[in-house]
Amino acid sequence: MVKQTIQIFARVKPPARKQQSGIYSIDEDEKLTPSLEIILPHDLADGFVNNKRESYRFKFQRIFDQDAKQEMVFEHIARPVAESVLAGYNSTIFAYGQTGSGKTFTITGGAERYSDRGIIPRTLSYIFEQLQKDSSKIYTTHISYLEIYNECGYDLLDPRHEASRLEDLPKVTILEDPDQNIHLKNLSLHQATTEEEALNLLFLGDTNRMIAETPMNQASTRSHCIFTVHLSSKEPGSATVRHAKLHLVDLAGSERVAKTGVGGQLLTEAKYINLSLHYLEQVIIALSEKHRSHIPYRNSMMTSVLRDSLGGNCMTTMIATLSLEKRNIDESISTCRFAQRVALIKNEAVLNEEIDPRLMILRLQKEIQELKDELAMVTGEPRTEALTEAELLQLEKLITSFLEDQDPEGRLEVGADMRKINHCFHYLKKLLKDSKTPEKSTVSEIKTQNCQEPPREEEYKRLQDILKQRDNEINILVNMLKKEKKKAQDALQLGNVDRGEARLPHSPAFPPGSAEEGQKTLQSSAPTQAPDFSSSRYRSSLLHNKTGMREEMSLGRQEAFEIFKRDHADSVTVDDNKQILKQRFSEAKALGESINEARSKIGRLKEEITQRHKQQVALGISESMGVSEPDLQEEQLRSQLEEEKRRYKTMFTRLKALKVEIEHLQLLMDRAKVKLQKEFEVWWAEEATNLQVSSPASNSLRQEKPLSQPCSSQRDGLHRSDWSSRKHPPSPCSSPCSPGQGSIDTRRESSPPKRPVSSIPLTGDRQTDSDILAFIKARQSILQRKCLGGN
Ligand code: ADP
Ligand code: MG
């Protein structure tokens, strides 16, 4: 048993705007626990924080300042946690903080760069790496992904769900067994045998979550997400299985309800979030107070699900995410206060071992059989019950191998069981009889044939013709089959070539029969049984189903989408990632080729060494020299071989790392595509509505009415409410072909993050796709003329 208080860490997010200095300081004395001091600006000190203190100091296990990289956060926080999961302990990491403070960035990662991947992908990578290294145990890994929104649980990995609204997803409910263990009904578990499969599940969950979200229902900031890795391990032959769970939790924004000040649905959401975080706080308070017998876990779904992580059988870590800007001071202080209370909670983690009943039964059955045999031998009492099917099969196998054994002294060991001995004799007799029968029948056949009159010439010819026909038919069918097979192969290759730009070239990189590592990788990336979430094909079909292709786009819409895509701030990231991906692909391809070369070279060197060795031995014998002197050339060859092997290994390791990076970049790009498509849909719907309500043709500039935004509570300003500030007239400058504008950089500088800058001037009557199409065409031709003129 390991007793440990919940570990608390703090992470400060880089400010969105220019650094405001003097708001906080970090004291990291080697000998003392690090502390974070939040300094109240004078104008706030006697304002909303209702006393006149000027600074607050909080202690943390470690504090990650603005410049801390994801790698560092993983190394110090998640790696030790992953290790305890591998050792068999339940573990939890949860991120707590106000909206926009970096919870998702820390837990899942940023959507733009590979280096921004967060705790979940890095932990998965680490766990699978360790599992591959450890061959002393058999491991099984399953993944589940739960979202809790408005006190309802949703399975983000439900394979059936094609739903686009959160409300349409099947609800996950909590069941409690008599031992007070929590079970989640309707939450699916998916086996992941490789890192890639696990990452695909993460991607699938995040995509489902993004798709279920609408501007009216920004679930991502108001819901809790729990990504769980279920790890089981056992030693070969043992019936004891060890289970460990790792929860990686991205909590809802912790901002206070009183500050949201909004009505309608949003208030309901805010209330719920704050309710469930409020219940979390109550649980934490109850746990941190000594002698409290009742802990109110059951008040909310989240605290019920995380019951073990809070004051139970779990090693738990909290990351307080802080956005330390002046306007967020009060929220930051309350996040730190919460963390201080959490740090008082003591957990007791135990190894979760249980006996697998199936394995136990098998073992006991075997033992019983052995004991019975022994008993029969000792007592000499004959056994009367019939042999079982399995025993008969086993005996027959023994007899076959006995007969095939070339050793004249070989024995047939069946133990002191007369039933078995008898069965062996019967079986042998039968074999003997069968081996004689064909000769007999041949003789009798000949006899009968001799008795009959010889077949007529005509009949013989007819039969021969039929035979010929059948032969022809078979040939034709075989040819057809071959053609079909070739077609299928060509199509497959073509598909690979089509995707070649975006998919990893498996074959040159991992040639079949290459070194041991190669085989392992091949095996581990082999497709598993259904449902197959692992393949990139699955991803593209998901994209296809869930996004643009949900309904066929009209021409107008397609063109509008192209413009929207081009002007969207994310396109810069997508383009950048495409470039990186291309580079990685060529690197992987080149590496694959070098690996193949190295492999052949290793083969050649081995061959040469063998030849040389043989020659030397022959020479030694012919010259009748006792012990030959060390052969310098052979030694040289050997050291070359070693060198080549090292090179091979280095390249192989690099290729493996490249594979992971490529996969991740593909996931990021796929996700960006889904996001873009979704934002386009929203924008399009909005434009269509505006078309219907906008004023007459005289108004050539768009009459922008703010979106009915529910997000006013999000003071961070990172959310869709940004969209409502689109007041740009159509700007030809944003076109990539505008001369001298350096469109990519322009967009980077001029557009605030994630905001589409193109907008269509609406003149009242246009209500159909074709009207929009006409407009877009006109706009394009103006742009083209401008470009031509410019050049
Ligand atoms: P939350 O999940 O707490 O609402 P996010 O993780 O979505 O917040 O972060 C809000 C924004 O800030 C995102 O655009 C994210 O990329 C960025 N961000 C958060 N933390 C960091 C960090 N440590 N470094 C760089 N960018 C960050
Ligand atoms: Mg978030």
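As the structure lists them, so they are numbered: ligands from 1, and atoms in each ligand from 1. Owing to the predicted nature of the structure, the values given are computational and were not obtained by experimental measurement.
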Have a look at Phe64, Phe105, Tyr96 and point out the one with the heavy atom closest to atom 6 (O) of ligand 1. Phe105
Pairs of nitrogen or oxygen atoms closer than 3.5 Å, one from Gln66 and one from ligand 1: do any exist? no
Have a look at Arg113, Lys103, Glu255, Glu112 and point out the one with the heavy atom closest to atom 3 (O) of ligand 1. Lys103
For Gln340 and Ile8, run side-chain contact (heavy atoms from CB on, under 4.5 Å): C-alpha distance rounded to whole Å, both residues' side-chain angles, the deciding distance at 0.1 Å, then the answer. CA-CA 8 Å; Gln340 306 300 298; Ile8 55 162; 4.0 Å; yes
Please identify which atoms of ligand 1 are closer than 4.0 Å to at least one heavy atom of Arg11. 23 (N)
Does any part of the side chain of Ser144, heavy atoms only, come nearer than 4.5 Å to the side chain of His230, both counted from C-beta? yes
Below 4.0 angstrom from a heavy atom of Gln98, which ligand 1 atoms are there? Numbered from 1 as shown, please. 3 (O)
Testing the basics here: between Lys103 and Thr321, what is the closest heavy-atom pair and its distance to 0.1 Å? CG-OG1, 3.3 Å
Would Arg117 and Tyr114 count as a cation-pi pair here, with the cationic atom under 6.0 angstrom from the ring centre and within 45° of the axis? yes
Check each of Asp67, Thr104, Thr99 against atom 2 (O) of ligand 1 and report the one with the nearest heavy atom. Thr104
Lys/Arg-Asp/Glu bridge criterion (N-O < 4.0 Å) met for Glu71, Arg122: yes
So, do Ile148 and Ser300 sit near enough that their side-chain heavy atoms are less than 4.5 Å apart? no
Under 4.0 Å between a Lys/Arg side-chain N and an Asp/Glu carboxylate O for Lys678 and Glu681? no
Have a look at Gly118, Gly102, Pro15 and point out the one with the heavy atom closest to atom 9 (O) of ligand 1. Gly102
Of the backbone and side-chain N, O or S atoms of Thr104, does one lie nearer to the Mg ion (ligand 2) than 2.8 Å? yes
4.0 Å heavy-atom contact, Gly110 with ligand 1: no
Lys/Arg-Asp/Glu bridge criterion (N-O < 4.0 Å) met for Arg566, Glu562: no
If I apply the N/O under 3.5 Å rule, does Pro14 come out as touching ligand 1? no
Does even one non-hydrogen atom of Gly97 get within less than 4.0 Å of ligand 1? no
